[in-house]
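Written out below as C-alpha cells is the structure these notes cover.
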Amino acid sequence: MTQPTDIRRDGTRPLLLDLFSCAGGAAMGYARAGFAVRGCDIAARPNYPFPYRRGDALAYLAHLITTGEIRRYAFVHASPPCQDKCSLTVGTNRSQGWGGTHVDLVAPTRELLDATGLPYVIEQPNGRAEIRKDLTLCGEMFGLGVIRHRNFELGGWTIEQPAHRPHRGRVRGWRHGRFYDGPYVAAYGNGGGKPSIPELQAAMGIDWTDVREELTEAIPPAYTEWIGAAFLATAALGVAA
C-alpha cells in the first residue's frame, strides 16, 4: 500500500469512513489515533462527535464506489448488524424457542469493502458471525472497567494479535438470583444490577453520550485507537498489503 494521497486527507489527517457508526465509540478511537473521521448510520445519531451522514450504510458505500468518491478515503471501519449470530441473542433465542429474525449484513459488507480496494476492519462481538478473527481485543488489555471482547477481520493489512490478559474477576451483577461483585460492569441490557450511566461512561471511556442504548452498543475507543495507531504505523513503514 502506498501512503495516502492528498485527496485522502483532511488537512494533515488521513480520512476514515466509519460505517454503521452508532454513537461514535469506534470513531473517537480512530480520531485519537490520528484520523479524520466521517460516519454513516441509518439511525439518527445526534451525539455522534464527527461529521456524519444519516442513511443506509451499504447503499452509501455502493454510491461512493460507483462515483469514485471512495478514493477520498484511506481506510474503512464497519460494524455491520449481526444480532442473529451474536452469542447473547443466540442463547436467548434458543432458551425461548424463538427463531432468528435479526439481519446479518456481514457478507454484503465484506463484498463491498473488497470492491473499494482500501484497507478495512469489520468488527463483531463474540458469537457465530462469519468473520475471520484476525484480532480479538478485551477491555482488560486497556485497563477498562468492561471485558467486552470484540473480534476484528482485517482486510488488506495485518497486525499481530496482542496477548490476552487474564481477567481480574467477575462482571458485577445478578446471576440466577445471586449477586456477584467484581471489577467489571455489564455493558449490556438494563436490569440485573446493571451499572448507572456515569459508571458505564467511566468503564467504557465514553463521555459524549449519556444514552444507555448507545453506550451498550459502543466499542470502547481504546480498541480502535490501538487499531488505528497500528495501521498508521504499518502504512508509514509501507508494509500494509
Inter-residue atom distance [X].[atom1] - [Y].[atom2], 0.5 Å rounding:
{"X": "Thr216", "Y": "Met204", "atom1": "OG1", "atom2": "CE", "result": "8.0 Å"}
{"X": "Thr116", "Y": "Arg71", "atom1": "OG1", "atom2": "CZ", "result": "12.0 Å"}
{"X": "Phe152", "Y": "Leu137", "atom1": "CZ", "atom2": "CG", "result": "5.0 Å"}
{"X": "Arg45", "Y": "Glu214", "atom1": "CZ", "atom2": "CD", "result": "5.5 Å"}

Looking only at heavy atoms, what is the nearest atom pair of [X] and [Y], with distance?
{"X": "Leu144", "Y": "Arg168", "result": "O-NH2, 3.7 Å"}
{"X": "Ile206", "Y": "Gly25", "result": "CD1-CA, 4.4 Å"}
{"X": "Glu217", "Y": "Cys22", "result": "OE1-SG, 3.2 Å"}
{"X": "Gly34", "Y": "Pro14", "result": "O-CD, 3.5 Å"}
{"X": "Cys40", "Y": "Ala57", "result": "SG-CA, 3.8 Å"}
{"X": "Pro221", "Y": "Gly205", "result": "CG-O, 3.7 Å"}

Working for side chain to side chain contact (heavy atoms under 4.5 Å, CB included), residues Leu64 and Leu17: CA-CA 11 Å; Leu64 293 176; Leu17 179 61; 3.6 Å; yes
Is there a donor-acceptor contact under 3.5 Å from the side chain of [X] to the main chain of [Y]?
{"X": "Arg172", "Y": "Asp181", "value": "no"}
{"X": "Trp208", "Y": "Ala23", "value": "yes"}
{"X": "Tyr223", "Y": "Gly139", "value": "yes"}
{"X": "Asn151", "Y": "Glu153", "value": "no"}
{"X": "Arg148", "Y": "Ala218", "value": "yes"}

Mind checking whether [X] and [Y] have side chains closer than 4.5 Å, heavy atoms only?
{"X": "Trp226", "Y": "Ile159", "value": "yes"}
{"X": "Phe231", "Y": "Leu154", "value": "no"}
{"X": "Tyr48", "Y": "Ser21", "value": "yes"}
{"X": "Pro80", "Y": "Gln124", "value": "yes"}
{"X": "Ile131", "Y": "Arg110", "value": "yes"}
{"X": "Leu15", "Y": "Arg38", "value": "yes"}
{"X": "Asp134", "Y": "Thr158", "value": "no"}
{"X": "Asp18", "Y": "Phe50", "value": "no"}

Test side-chain hydrogen bond (donor to acceptor under 3.5 Å, both in side chains) applied to Arg170 - qualifying residues, sequence neighbours left out: none
Check for me, please, whether [X] and [Y] land in the same ILVMFWY cluster - side-chain distances under 4.5 Å, paths through other members count.
{"X": "Val171", "Y": "Ile197", "result": "no"}
{"X": "Tyr188", "Y": "Ile147", "result": "no"}
{"X": "Ile42", "Y": "Leu61", "result": "no"}
{"X": "Val146", "Y": "Met28", "result": "yes"}

Can you see whether [X] engages [Y] through a side-chain donor-acceptor pair at a distance of less than 3.5 angstrom?
{"X": "His167", "Y": "Tyr184", "result": "no"}
{"X": "Asp114", "Y": "Tyr120", "result": "yes"}
{"X": "His164", "Y": "Glu140", "result": "no"}

Flag if over 12 foreign heavy atoms under 6.0 Å of CZ, Arg132: yes
Flag if over 12 foreign heavy atoms under 6.0 Å of CZ, Arg178: no
Full working for side chain to side chain contact (heavy atoms under 4.5 Å, CB included) between Arg212 and Leu200: CA-CA 8 Å; Arg212 180 177 289 274; Leu200 193 51; 4.3 Å; yes
Verdict with supporting geometry, Leu19 and Thr109, side chain to side chain contact (heavy atoms under 4.5 Å, CB included): CA-CA 9 Å; Leu19 299 173; Thr109 298; 5.5 Å; no
Aromatic plane relationship, Tyr60 with His63 - under 30° parallel, 30 to 60° tilted, over 60° perpendicular: parallel
Tyr30 and Phe75 aromatic ring geometry - parallel, tilted or perpendicular at 30°/60° bounds: tilted
Pair Arg150 + Glu123, salt bridge at N-O below 4.0 Å: yes
Check against side chain to side chain contact (heavy atoms under 4.5 Å, CB included), Val121 and Leu135: CA-CA 10 Å; Val121 162; Leu135 180 67; over 6 Å; no
